[in-house]
Amino acid sequence: MHDVSTLIYVLGTLFEAAATFLAVTHTSHKEDTDDIIKNLKVERDNFKQDYLYERKKRLEIQDKYEKLKKKLENTK
């Protein structure tokens, strides 16, 4: 029984070593990763541009609202 458990332990250790070796030597597809990062940066820039445009419009509308509110208060 001791021999069987030792054999299982040795096989497990070999499997773990092989998995570690494969994980360390594994290379991802750098071109695909670069394309994904490039696309995400473009999308981020588009969202930022949209946000800044919406913010500008919101501030303009808020300013017009305040002017109209003061004008309404003055007419009462």
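Just so you know, these numbers use all the heavy atoms, side chains as well, and skip hydrogens, waters and symmetry mates. Here, residue 1 is the first one in the sequence, and each next residue gets the next number.
Atoms CZ and CG, from Phe47 and Leu40 in turn, are 10.5 Å apart once rounded to the nearest 0.5 Å.
Other residues, nucleotides and ligands contribute at most 12 non-hydrogen atoms within 6.0 Å of the CD atom of Glu16.
Comment: Asp34 does not engage Lys38 in a salt bridge, judged by the lack of any side-chain N to carboxylate O separation of less than 4.0 angstrom.
Among residues at least two apart or in separate chains, salt bridge (Lys or Arg N to Asp or Glu O under 4.0 Å) pairs with a member in residues 39-59 are Lys57-Glu60.
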Worked verdict on Thr75 versus Leu72 for side chain to side chain contact (heavy atoms under 4.5 Å, CB included): CA-CA 5 Å; Thr75 58; Leu72 179 64; 4.0 Å; yes

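With a 4.5 Å cut-off on side-chain heavy atoms, Val4 and Leu7 do not count as touching.
Of the possible polar contacts, none joining the Asp63 side chain to the Leu59 backbone as a donor-acceptor pair under 3.5 Å is found.
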